[in-house]
A.B. asks: 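For reference, the structure I am asking about is given below.
Proteins get letters first, then strands, A, B, ... in listed order; numbering begins at 1 in each.
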There are 2 protein chains.
Amino acid sequence: MDGKKSSGTDPARSLALLWGSHTKPGRSGLTVRAIVDAAIGIADAEGLDALSMRHVAERLGVGTMSLYTHVPGKSELTDLMVDRAYGELYDDVGAPSAQPGGWRGAMEFVAVRNWELYRRHPWMLQIITARPVLGPNVSLKYEAELRPLDGIGLTDVEMDSVLTLILTHVEGTARVQASLDQVQQDTGMSETEWWLASAPVLDKVMDPSHFPVASRVGQAAGQAHQGASDPVHALTFGLARILDGVAALIAQR
Amino acid sequence: MDGKKSSGTDPARSLALLWGSHTKPGRSGLTVRAIVDAAIGIADAEGLDALSMRHVAERLGVGTMSLYTHVPGKSELTDLMVDRAYGELYDDVGAPSAQPGGWRGAMEFVAVRNWELYRRHPWMLQIITARPVLGPNVSLKYEAELRPLDGIGLTDVEMDSVLTLILTHVEGTARVQASLDQVQQDTGMSETEWWLASAPVLDKVMDPSHFPVASRVGQAAGQAHQGASDPVHALTFGLARILDGVAALIAQR
DNA sequence: CCTTGTCCCGTACGATGTACGGTACAAGGT
DNA sequence: ACCTTGTACCGTACATCGTACGGGACAAGG
């Protein structure tokens with residue numbers, strides 16, 4: 001669910017680029033690595049909307065079209081950015097499984113690490129929705145995150161399902177968090193400010209008697225979270241329920 | 001996590017538009033309702049990327065800039081589209097709570113209905129990531145989905161948390177499904193075709209001994225799902241775990 | 001009949017990704 | 001040492017986007 005096609009029509013080309021060497025310089029010293037890092041810098045600082053080929057080229061001091069010598073197009077560039085960013089996740093493939101607290105502790109570690117990564121690079125959430133980027137770092141991440149689930153009574157397919165469930169949950173809540181940050185940055189209004197500006201209009205236009213449960217619960221939740229939504233709470237609450245559910249699955253064997 | 005700012009800087013204006021009358025025609029017969037419906041038609045048929053103001057105007061046989069008389073900008077238009085689409089969800093506010101199977105049956109019903117809605121209008125997933133669209137239909141949806149959770153031993157805040165958890169899960173899996181469909185449409189390759197095209201390159205470039213668990217589990221999952229991922233399975237598996245977790249929360253009271 | 005306000009919309013501007021073709025450099029063969 | 005060939009670089013151009021601006025035309029109130 002990103003914008004245009006998420007990658008060129010040729011998977012072989014994309015894969016070769018992802019797994020190939022990114023440090024071989026052209027005659028002006030330009031490398032794939034440098035392009036990707038510049039792009040990540042821009043996306044981190046100014047958001048994915050500000051990421052344009054012209055902008056990247058300008059930052060590198062090269063002509064815009066020179067980028068196309070090293071990267072087939074923008075979608076391949078964003079794929080490269082995603083794989084590179086996922087490389088920040090774990091120092092070691094064994095990091096999650098080395099965590100205390102068994103599989104549950106490991107999965108909480110995985111969730112937190114992913115959450116923090118998405119907070120650092122919120123633009124990732126606008127890209128990864130499409131077909132997974134099968135790069136080297138993504139593969140390593142998959143291995144690292146599966147290992148703690150191995151040998152605890154789940155089938156291979158269930159291991160994949162559980163991991164997918166947890167990662168989908170983290171992505172979903174991180175997406176909400178990122179959106180809140182973005183709206184706040186765009187409008188200059190904090191979550192509570194925006195809510196305060198909306199409240200009088202809502203009161204005038206919306207009759208609470210038509211929404212008895214919604215208005216009661218919305219009031220309580222709004223008060224508790226100091227805003228329309230609290231992604232951090234959603235993350236931890238949801239993760240606890242999910243892990244309880246997985247534990248139940250394991251126990252019933 | 002959509003593109004630009006998700007709505008104008010003025011919440012009051014957006015809310016007034018959402019809750020206002022959409023059927024009052026201008027002197028050429030143009031209405032907000034007609035604009036929104038035309039936009040939805042385009043997004044359904046050609047995707048959100050094909051949705052442009054020019055395109056909408058052309059379909060309605062009016063000048064492009066005439067749209068701006070009725071709608072402040074494109075982001076407000078997409079907000080209107082979302083609220084309108086959510087109106088399709090339930091015929092009656094009591095529909096979910098009238099479902100058999102208690103709260104669990106009701107929540108399964110809610111999940112399936114949302115899932116089907118997103119399959120019908122996949123473009124919604126590219127919009128709703130930002131701050132919730134506080135329109136009339138969204139409010140009604142919130143009420144309808146909260147009711148089955150009322151009076152089953154959850155606090156008000158927990159009711160909101162549980163619903164958020166379920167909806168986030170459905171959105172996340174629906175997003176994957178939508179992405180798969182989009183990639184398939186863009187490239188003309190089915191999931192399995194794409195995988196077959198990638199496999200030889202991956203074999204050459206990726207050493208399975210470095211990813212023992214990942215390659216074993218990936219193999220098993222790929223075989224079971226006939227592709228890199230199976231969103232329908234992810235939806236049902238995840239929902240079962242989540243509801244088990246919620247049941248555990250209720251039971252421990 | 002004139003004034004005023006509102007609706008309609010043509011033109012224009014600054015973006016975007018990238019196709020195309022030209023230029024200039026580095027390496028290999030003689 | 002010179003020529004050939006391939007490839008890296010990049011300037012220009014095009015189609016597309018959202019929408020700011022201002023002018024023209026119609027409806028209603030005085």
Side-chain angles (χ1 to χ4, degrees), chain A residues 2-10 13 17 21-35 38-39 42-43 46-81 126-127 186, chain B residues 2-10 13 17 20-35 38-39 42-43 46-81 123 126-127 186:
Chain A
D2 57 340
K4 275 283 172 217
K5 45 183 63 178
S6 68
S7 243
T9 41
D10 187 2
R13 167 122 195 232
L17 183 62
S21 161
H22 302 156
T23 53
K24 209 164 38 183
R27 66 171 185 258
S28 78
L30 198 55
T31 63
V32 173
R33 171 61 49 85
I35 293 173
I42 292 170
E46 308 175 53
L48 194 61
D49 298 326
L51 180 70
S52 73
M53 301 302 268
R54 286 174 231 266
H55 203 149
V56 173
E58 193 180 3
R59 172 176 283 223
L60 291 170
V62 302
T64 304
M65 294 312 290
S66 304
L67 304 178
Y68 287 88
T69 305
H70 303 267
V71 165
K74 196 187 184 184
S75 63
E76 286 83 358
L77 174 56
T78 54
D79 279 1
L80 284 164
M81 291 167 65
Q126 299 175 53
I127 303 176
D186 285 346
Chain B
D2 59 342
K4 275 286 174 211
K5 46 183 64 178
S6 68
S7 245
T9 41
D10 187 1
R13 168 124 194 231
L17 183 62
S21 161
H22 301 156
T23 54
K24 209 164 37 183
R27 65 170 184 257
S28 78
L30 198 55
T31 63
V32 173
R33 170 63 48 86
I35 293 174
I42 292 170
E46 308 175 53
L48 194 62
D49 298 326
L51 179 70
S52 72
M53 301 302 269
R54 286 174 232 265
H55 203 148
V56 173
E58 193 181 2
R59 171 176 284 224
L60 291 170
V62 301
T64 305
M65 294 313 288
S66 304
L67 304 178
Y68 287 88
T69 304
H70 302 267
V71 165
K74 195 187 185 184
S75 64
E76 286 84 358
L77 174 56
T78 54
D79 279 1
L80 284 164
M81 292 167 64
W123 46 266
Q126 298 173 53
I127 302 175
D186 285 346

A.B. asks: Between Arg54(B) (CZ) and dC13(C) (P), how many Å, whole number?
C.D. replies: 14 Å

A.B. asks: Do Leu17(A) and Asp79(A) have side chains that approach each other closer than 4.5 Å (heavy atoms only, starting at C-beta)?
C.D. replies: no

A.B. asks: So, for Tyr68(A) and Gly73(A), which heavy atoms are closest and what is the spacing to 0.1 Å?
C.D. replies: CE2-CA, 4.0 Å

A.B. asks: Can you tell me how far P of dT16(C) sits from NE2 of His55(A), to the nearest Å?
C.D. replies: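 Atom NE2 in His55(A) sits about 9 Å away from atom P in dT16(C).
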
A.B. asks: Please list residues of residues 63-72 of chain B whose heavy atoms come under 4.0 Å from any atom in DNA chain D, ordered by number; otherwise none.
C.D. replies: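 DNA chain D contact set from residues 63-72 of chain B: Thr64(B), Met65(B), Tyr68(B).
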
A.B. asks: For the residue pair His22(B) and Thr31(B), what are the closest heavy atoms and their distance?
C.D. replies: O-CB, 3.4 Å

A.B. asks: Mind checking the CG-CD spacing from Asp49(A) to Gln126(A)? Nearest 0.5 Å is all I need.
C.D. replies: 6.0 Å

A.B. asks: Please list every donor-acceptor pair under 3.5 Å in which a side-chain atom of residues 52-64 of chain A meets a protein atom from a residue at least two apart or in another chain.
C.D. replies:
residue  : atom : partner  : partner atom : Å
Ser52(A) : OG   : His55(A) : N            : 3.1
His55(A) : ND1  : Ala50(A) : O            : 3.1
His55(A) : NE2  : Glu46(A) : OE2          : 3.4

A.B. asks: So Leu77(A), base contact, sugar-phosphate only, or nothing? Heavy-atom distance under 4.0 Å.
C.D. replies: nothing

A.B. asks: Ignoring backbone atoms, test whether Ser28(A) places a side-chain nitrogen or oxygen under 4.0 Å from the OP1 or OP2 oxygen of dA8(D).
C.D. replies: no

A.B. asks: Rounded to whole Å, please give me the gap between CD1 in Ile35(B) and C1' in dC7(C).
C.D. replies: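 Rounding to the nearest Å, CD1 of Ile35(B) and C1' of dC7(C) are 12 Å apart.
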
A.B. asks: Do Ile127(A) and Leu48(A) touch side chain to side chain, with heavy atoms closer than 4.5 Å?
C.D. replies: yes

